[in-house]
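Here the structure comes first, spelled out in structure tokens, and everything after it is commentary.
Every heavy atom of this structure was used, including side-chain atoms; hydrogens, water molecules and symmetry mates were not. This structure is a prediction, so every number in the text was calculated from the model and none was measured.
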Number of protein chains: 2
Amino acid sequence: MFSAQNIGKKISEAGIKPSLQRIKIYEFLLKNNIHPTVDFIYNQLVNDIPTLSKTTVYNTLKLFEKQGLIINLIIDENEIRYDAMKNIHGHFKCDKCGKIYDFEYNHMQLEFLGLNHFNILKTELNLKGTCPECNQ
Amino acid sequence: MFSAQNIGKKISEAGIKPSLQRIKIYEFLLKNNIHPTVDFIYNQLVNDIPTLSKTTVYNTLKLFEKQGLIINLIIDENEIRYDAMKNIHGHFKCDKCGKIYDFEYNHMQLEFLGLNHFNILKTELNLKGTCPECNQ
DNA sequence: TTTATATTTGTAATCATTACATTTATGTTT
DNA sequence: AAACATAAATGTAATGATTACAAATATAAA
Ligand SMILES: [Mn+2]
Ligand SMILES: [Mn+2]
Ligand SMILES: [Zn+2]
Ligand SMILES: [Zn+2]
């Protein structure tokens, strides 16, 4: 499904050289759709790559985002989260367990009033509350 | 329009004692619909109240938000912004000038797919891009 | 092999936010 | 009014995510 070649190719197509670190980071995002923080990614990958630096994770994710390979989520203060799923979708963060869920919404029917001549580059729909697991 | 009595009354109705600092902070939010940061509010009010502490601004805004008097916006990393306008509306932040614009949207027609049994307590619709002034 | 360039790494700095102890204000009881 | 109790505000130190920066390493070109 996500072979090393395919991952490297995707990175290349975004105009980024596919180094070992970059491949591993992008692979992690593709295989784990959990909207991880930098810290989480670092702690998972440092097992594979003992020399990995957290700065590299920061730089790489920022580069990926700039090149449009991934998106970032600002759903809570003091943490940026990353997502390799680029189709339009919303996010729900559970106040209790902290898990972030994807959901779809009828974005085609969404209408903004009073934004004539605004150049919209990014749309973020974030919900908060409690998830079914925590509602028991 | 926003007399000191009215402001104090609103604060009281939220279950908060209307101290001088709390009145001034809430008054600032009501009269300046600019989604300010803690730092901005502090710098504006410290002229009026020379003894004001930034911690007080933090604590007060957090208390206001907990009691439902205001809402907070997480539209960008490393800053929380506050808004006394509590009707449902979205926010657009200009990447160039940093200004945050309110806008309305057809929230009644918004449909979420895959969120059965989720308890939604907060909805945030954040857009980014460039505003008309910066598009010249 | 040299040389240049790109990438990674480790450490220190930054900056918004929070923790916490102290001070000040407010309200109540004697 | 004085003493006491409680709430609120203040100032400083600590926290923690992110960034800056210089050195080290890897990759590519000459
Ligand atoms: Mn997602
Ligand atoms: Mn607003
Ligand atoms: Zn949950
Ligand atoms: Zn602008």
Side-chain angles (χ1 to χ4, degrees), chain A residues 4 7-8 11-12 14-28 35-67 69-82 93 98 100, chain B residues 4 7-8 11-12 14-28 35-67 69-82 93 98 100:
Chain A
I7 293 169
I11 295 174
S12 295
I16 301 166
K17 260 184 209 155
S19 70
L20 170 68
Q21 288 87 342
R22 288 167 176 175
I23 288 171
K24 288 288 189 186
I25 291 170
Y26 187 48
E27 181 184 28
F28 184 84
H35 316 90
T37 61
V38 164
D39 203 64
F40 191 85
I41 296 170
Y42 170 77
N43 283 304
Q44 296 297 307
L45 293 186
V46 76
N47 299 316
D48 274 344
I49 314 169
T51 61
L52 184 64
S53 164
K54 200 176 280 190
T55 301
T56 298
V57 184
Y58 273 104
N59 292 339
T60 301
L61 292 168
K62 188 150 287 205
L63 177 64
F64 284 177
E65 206 259 335
K66 184 166 76 77
Q67 297 297 102
L69 186 62
I70 64 175
I71 57 176
N72 68 8
L73 308 182
I74 315 287
I75 196 170
D76 234 334
E77 68 269 24
N78 70 39
E79 59 179 28
I80 307 180
R81 291 171 176 274
Y82 289 93
K93 177 166 185 178
I100 294 179
Chain B
I7 293 169
I11 294 173
S12 295
I16 300 166
K17 260 185 210 153
S19 69
L20 170 69
Q21 289 85 345
R22 288 168 177 175
I23 289 172
K24 288 288 188 185
I25 291 171
Y26 187 47
E27 181 183 29
F28 184 83
H35 315 92
T37 61
V38 166
D39 203 62
F40 191 84
I41 297 170
Y42 170 77
N43 283 305
Q44 296 297 308
L45 294 186
V46 76
N47 299 316
D48 273 345
I49 313 168
T51 60
L52 185 64
S53 163
K54 202 177 276 188
T55 301
T56 298
V57 184
Y58 273 104
N59 291 340
T60 300
L61 292 167
K62 187 150 285 205
L63 176 64
F64 284 176
E65 206 258 338
K66 186 166 75 73
Q67 296 297 102
L69 187 61
I70 64 175
I71 57 175
N72 68 7
L73 308 181
I74 314 288
I75 197 168
D76 233 335
E77 67 268 23
N78 70 39
E79 60 178 28
I80 307 181
R81 291 171 175 275
Y82 290 92
K93 177 166 184 177
I100 294 179

(request) Report the nucleotide, chosen from C:dA6, C:dT8, D:dC21, that has the shortest atom-to-atom distance to any side-chain atom of A:Lys17. (result) C:dA6

(request) Indicate, with a heavy-atom threshold strictly under 4.0 Å, whether A:Gln21 touches base, sugar-phosphate, or nothing. (result) sugar-phosphate

(message) Counting only side-chain heavy atoms from C-beta out, which of D:dT10, D:dA7, C:dT9 sits nearest to B:Ile49?
(response) D:dT10

(request) Specify the separation, in whole Å, of atom CD of A:Glu65 and atom C1' of D:dT18. (result) 15 Å

(request) From the options D:dG11, D:dA9, C:dT7, select the nucleotide whose nearest atom is closest to the side chain of A:Arg22. (result) C:dT7

(request) Return yes when atom NZ of B:Lys93 has more than 12 non-hydrogen atoms of other residues, nucleotides or ligands closer than 6.0 Å, and no otherwise. (result) yes

(request) Starting at atom CG of A:Leu61, determine the distance to atom C1' of D:dT18, rounded to an integer number of angstrom. (result) 12 Å

(request) Take the angle between the ring planes of A:Phe28 and A:Phe40 and call it parallel below 30°, perpendicular above 60°, tilted in between. (result) tilted

(request) Indicate yes or no for a side-chain donor-acceptor contact from B:Arg22 to the backbone of B:Lys17 under 3.5 Å, with no hydrogens or angles considered. (result) yes

(message) Taking the minimum atom-to-atom distance to the side chain of B:Thr55, which one of D:dT19, D:dG11, C:dT9 wins?
(response) D:dG11

(request) Would you indicate which nucleotide in C:dT9, D:dA9, D:dG11 comes nearest to any side-chain atom of A:Thr51? (result) C:dT9

(request) Quick one: do A:Tyr82 and A:Ile71 satisfy side chain to side chain contact (heavy atoms under 4.5 Å, CB included)? Show the steps, please. (result) CA-CA 6 Å; A:Tyr82 289 93; A:Ile71 57 176; over 6 Å; no

(request) Whole angstrom is fine here: how far is it from NZ in A:Lys54 over to P in D:dA20? (result) 17 Å

(request) Salt-bridge test for A:Arg81 and A:Asp76: reply yes if a basic N is under 4.0 Å from a carboxylate O, no otherwise. (result) no

(message) So, OP1 or OP2 of C:dT17: does either fall under 4.0 Å of a side-chain N or O from B:Lys62?
(response) no

(message) In whole Å, I'd like the distance from the CG atom of A:Asn59 to the P atom of D:dA23.
(response) 17 Å

(message) Between P on C:dT24 and CG on B:Leu20, what's the gap in Å once rounded to a whole number?
(response) 17 Å

(request) Could you state the atom-to-atom distance from OH of A:Tyr42 to P of D:dG16 in whole Å? (result) 17 Å

(message) Judged by each residue's nearest nucleotide on DNA chain D, which is more toward the 5′ side, B:Asn78 or B:Ser53?
(response) B:Ser53

(message) What's B:Glu79 touching, base or sugar-phosphate or nothing? Going by heavy atoms closer than 4.0 Å.
(response) sugar-phosphate

(message) In this structure, how many angstroms lie between the P atom of C:dA16 and the CG atom of A:Asp76, rounded?
(response) 18 Å

(request) Would you mind reading off the distance between B:Glu77 atom CD and C:dT14 atom P, rounded to a whole angstrom? (result) 19 Å

(message) On the nucleotide C:dT7, are OP1 or OP2 found under 4.0 Å from the side-chain N or O atoms that A:Ser19 carries?
(response) no

(request) Under 4.0 Å between any heavy atoms, over every strand shown, what does B:Thr37 touch: base, sugar-phosphate, or nothing? Just pick one. (result) nothing

(message) Nearest to the side chain of B:Tyr58, heavy atoms from C-beta on, is which of D:dT10, D:dA20, C:dT18?
(response) C:dT18

